[in-house]
Engineer: 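Just passing along the structure, written as C-alpha coordinates.
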Amino acid sequence: IKCLKQCVLMIENIELLLSFNNMTIQTIFKNLSANKTYSLLGFIVPIYNNMVAGTDKYILGDSNLSHLNNARYLKKEDKDNLKSFFNILGISDLNGQIMNCKKYKEIFKNRLDYIEKNEKNECKSISVLIIGIGILIIILLF
(Lines give C-alpha, C1' and ligand atoms only; values in the text may rest on other atoms or scores of the structure.)
Protein backbone atom coordinates (compact mmCIF):
# COMPACT_ATOMS: atom_id res chain seq x y z
CA ILE A 1 0.00 0.00 0.00
CA LYS A 2 2.83 2.41 0.86
CA CYS A 3 4.54 1.71 -2.43
CA LEU A 4 1.37 2.31 -4.43
CA LYS A 5 0.83 5.57 -2.56
CA GLN A 6 4.37 6.60 -3.50
CA CYS A 7 3.65 5.68 -7.14
CA VAL A 8 0.57 7.94 -7.12
CA LEU A 9 2.57 10.77 -5.51
CA MET A 10 5.39 10.33 -8.02
CA ILE A 11 3.04 10.49 -11.00
CA GLU A 12 1.22 13.51 -9.51
CA ASN A 13 4.58 15.21 -9.00
CA ILE A 14 5.65 14.49 -12.58
CA GLU A 15 2.34 15.87 -13.84
CA LEU A 16 2.72 19.06 -11.78
CA LEU A 17 6.32 19.58 -12.86
CA LEU A 18 5.35 19.14 -16.49
CA SER A 19 2.23 21.33 -16.24
CA PHE A 20 3.44 24.29 -14.25
CA ASN A 21 7.21 24.30 -14.47
CA ASN A 22 7.53 22.92 -18.00
CA MET A 23 10.61 20.99 -16.84
CA THR A 24 12.47 18.56 -19.02
CA ILE A 25 12.18 14.85 -18.27
CA GLN A 26 15.83 14.80 -17.20
CA THR A 27 15.30 17.62 -14.69
CA ILE A 28 12.17 15.93 -13.37
CA PHE A 29 14.05 12.68 -12.77
CA LYS A 30 16.89 14.59 -11.12
CA ASN A 31 14.36 16.05 -8.66
CA LEU A 32 12.64 12.70 -8.13
CA SER A 33 15.90 10.86 -7.50
CA ALA A 34 16.88 13.40 -4.81
CA ASN A 35 13.48 13.25 -3.09
CA LYS A 36 13.28 10.97 -0.01
CA THR A 37 9.48 10.73 -0.39
CA TYR A 38 9.95 7.93 -2.91
CA SER A 39 12.12 5.68 -0.74
CA LEU A 40 10.31 2.49 -1.86
CA LEU A 41 10.68 3.36 -5.54
CA GLY A 42 14.30 2.30 -5.97
CA PHE A 43 14.04 2.32 -9.75
CA ILE A 44 13.97 6.13 -10.02
CA VAL A 45 17.70 6.65 -9.43
CA PRO A 46 18.82 4.07 -12.04
CA ILE A 47 16.48 5.64 -14.60
CA TYR A 48 18.00 9.04 -13.92
CA ASN A 49 21.55 7.66 -13.98
CA ASN A 50 20.97 6.07 -17.41
CA MET A 51 19.49 9.17 -19.06
CA VAL A 52 21.24 10.54 -22.12
CA ALA A 53 23.01 13.74 -21.08
CA GLY A 54 21.52 16.97 -22.39
CA THR A 55 18.32 15.48 -23.83
CA ASP A 56 14.81 14.67 -22.69
CA LYS A 57 15.27 11.10 -23.82
CA TYR A 58 16.26 8.46 -21.36
CA ILE A 59 17.11 4.81 -21.59
CA LEU A 60 14.88 2.41 -19.71
CA GLY A 61 17.53 -0.27 -20.01
CA ASP A 62 17.76 -3.76 -18.56
CA SER A 63 19.38 -2.50 -15.37
CA ASN A 64 16.38 -0.23 -14.68
CA LEU A 65 13.88 -2.95 -15.52
CA SER A 66 15.68 -5.41 -13.26
CA HIS A 67 15.40 -2.93 -10.39
CA LEU A 68 11.69 -2.69 -11.09
CA ASN A 69 11.30 -6.47 -11.44
CA ASN A 70 13.04 -7.09 -8.12
CA ALA A 71 10.64 -4.82 -6.22
CA ARG A 72 8.87 -7.52 -4.21
CA TYR A 73 6.31 -5.08 -2.81
CA LEU A 74 4.78 -4.54 -6.26
CA LYS A 75 2.56 -6.99 -8.10
CA LYS A 76 3.36 -7.87 -11.71
CA GLU A 77 0.40 -5.76 -12.85
CA ASP A 78 1.82 -2.72 -11.04
CA LYS A 79 5.28 -3.27 -12.52
CA ASP A 80 3.81 -3.57 -16.01
CA ASN A 81 1.85 -0.35 -15.52
CA LEU A 82 4.98 1.48 -14.37
CA LYS A 83 6.94 0.16 -17.36
CA SER A 84 4.20 1.37 -19.70
CA PHE A 85 4.09 4.75 -17.99
CA PHE A 86 7.85 5.28 -18.23
CA ASN A 87 8.05 4.02 -21.81
CA ILE A 88 5.43 6.56 -22.94
CA LEU A 89 6.77 9.46 -20.85
CA GLY A 90 8.79 11.89 -22.92
CA ILE A 91 7.61 10.59 -26.29
CA SER A 92 4.69 12.93 -27.01
CA ASP A 93 4.11 16.65 -26.65
CA LEU A 94 3.41 18.32 -23.31
CA ASN A 95 -0.36 17.72 -23.44
CA GLY A 96 0.17 14.06 -24.30
CA GLN A 97 2.55 13.61 -21.38
CA ILE A 98 0.10 15.27 -18.99
CA MET A 99 -2.71 13.01 -20.25
CA ASN A 100 -0.39 10.02 -19.76
CA CYS A 101 0.20 11.10 -16.16
CA LYS A 102 -3.52 11.51 -15.51
CA LYS A 103 -4.27 8.09 -17.01
CA TYR A 104 -1.68 6.22 -14.94
CA LYS A 105 -2.41 8.23 -11.80
CA GLU A 106 -6.01 7.05 -12.09
CA ILE A 107 -4.90 3.45 -12.70
CA PHE A 108 -2.73 3.47 -9.57
CA LYS A 109 -5.41 5.21 -7.47
CA ASN A 110 -7.96 2.57 -8.49
CA ARG A 111 -5.50 -0.20 -7.66
CA LEU A 112 -4.77 1.39 -4.28
CA ASP A 113 -8.50 1.71 -3.48
CA TYR A 114 -9.04 -1.93 -4.44
CA ILE A 115 -6.21 -3.15 -2.20
CA GLU A 116 -7.31 -1.00 0.75
CA LYS A 117 -10.89 -2.30 0.50
CA ASN A 118 -9.68 -5.90 0.35
CA GLU A 119 -7.44 -5.33 3.36
CA LYS A 120 -10.37 -3.96 5.39
CA ASN A 121 -12.52 -6.96 4.39
CA GLU A 122 -9.76 -9.38 5.38
CA CYS A 123 -9.42 -7.67 8.77
CA LYS A 124 -13.18 -7.98 9.34
CA SER A 125 -13.11 -11.66 8.33
CA ILE A 126 -10.23 -12.38 10.71
CA SER A 127 -12.04 -10.60 13.55
CA VAL A 128 -15.20 -12.65 12.96
CA LEU A 129 -13.13 -15.84 12.80
CA ILE A 130 -11.35 -15.06 16.08
CA ILE A 131 -14.64 -14.28 17.81
CA GLY A 132 -16.13 -17.50 16.46
CA ILE A 133 -13.18 -19.57 17.69
CA GLY A 134 -13.42 -17.86 21.08
CA ILE A 135 -17.12 -18.72 21.38
CA LEU A 136 -16.41 -22.31 20.31
CA ILE A 137 -13.69 -22.67 22.97
CA ILE A 138 -16.02 -21.27 25.65
CA ILE A 139 -18.76 -23.74 24.63
CA LEU A 140 -16.33 -26.67 24.67
CA LEU A 141 -15.00 -25.71 28.11
CA PHE A 142 -18.44 -25.55 29.67
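Because the structure is a prediction, the values reported are computed rather than measured.
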Engineer: For Tyr104, check ring-ring contact (aromatic ring centres under 6.0 Å, His included) against everything at least two apart and list the hits.
Structural biologist: Phe85
Engineer: Would you compute the distance between atom CG of Leu4 and atom CD1 of Ile107 and round it to the nearest 0.5 angstrom?
Structural biologist: 12.5 Å
Engineer: Would a 4.5 Å heavy-atom cut-off, applied to side chains only, mark Thr27 and Thr24 as touching?
Structural biologist: yes
Engineer: Taking NZ, NE, NH1 and NH2 as the nitrogens, is one of them in Asp113 or Lys109 under 4.0 Å from a carboxylate oxygen of the other?
Structural biologist: no
Engineer: Report, one line per pair, each donor and acceptor closer than 3.5 Å where one atom sits in a side chain of residues 9-20; sequence neighbours left out.
Structural biologist:
| from | atom 1 | to | atom 2 | distance (Å) |
| --- | --- | --- | --- | --- |
| Asn13 | ND2 | Tyr38 | OH | 2.9 |
| Glu15 | OE1 | Lys105 | NZ | 3.0 |
| Ser19 | OG | Glu15 | O | 2.8 |

Engineer: Under 3.5 Å, is there a donor-acceptor pair between the side chain of Asn35 and the main chain of Thr37?
Structural biologist: yes
Engineer: Rounded to the nearest 0.5 Å, how far apart are CD1 of Ile115 and CZ of Arg111?
Structural biologist: 4.0 Å
Engineer: Do you reckon Met23 sits in the same ILVMFWY cluster as Met99, going by side-chain contacts under 4.5 Å, direct or chained?
Structural biologist: no
Engineer: Between Ile1 and Leu74, is there shared hydrophobic-cluster membership here, with clusters defined by ILVMFWY side-chain heavy atoms closer than 4.5 Å?
Structural biologist: yes
Engineer: To the closest 0.5 Å, what do you measure between CD1 (Ile44) and OG (Ser39)?
Structural biologist: 9.5 Å
Engineer: Using only atom types and a distance under 3.5 Å, with no angle test, would you say the side chain of Ser84 pairs donor to acceptor with the backbone of Asp80?
Structural biologist: yes
Engineer: If you look only at pairs with a residue in residues 130-142, which of them pass as a salt bridge (Lys or Arg N to Asp or Glu O under 4.0 Å), with sequence neighbours excluded?
Structural biologist: none
Engineer: Considering only heavy atoms from C-beta outward, does the side chain of Lys5 approach that of Phe108 to under 4.5 Å?
Structural biologist: no
Engineer: Run Asp78 and Cys7 through side-chain contact (heavy atoms from CB on, under 4.5 Å) and show every step you take.
Structural biologist: CA-CA 9 Å; Asp78 302 323; Cys7 287; over 6 Å; no
Engineer: Enter the distance from Lys2:NZ to Leu112:CG here, rounded to the nearest 0.5 Å.
Structural biologist: 13.0 Å
Engineer: Roughly how far, to the nearest 0.5 Å, is the CG atom of Asn31 from the CD1 atom of Ile28?
Structural biologist: 8.0 Å
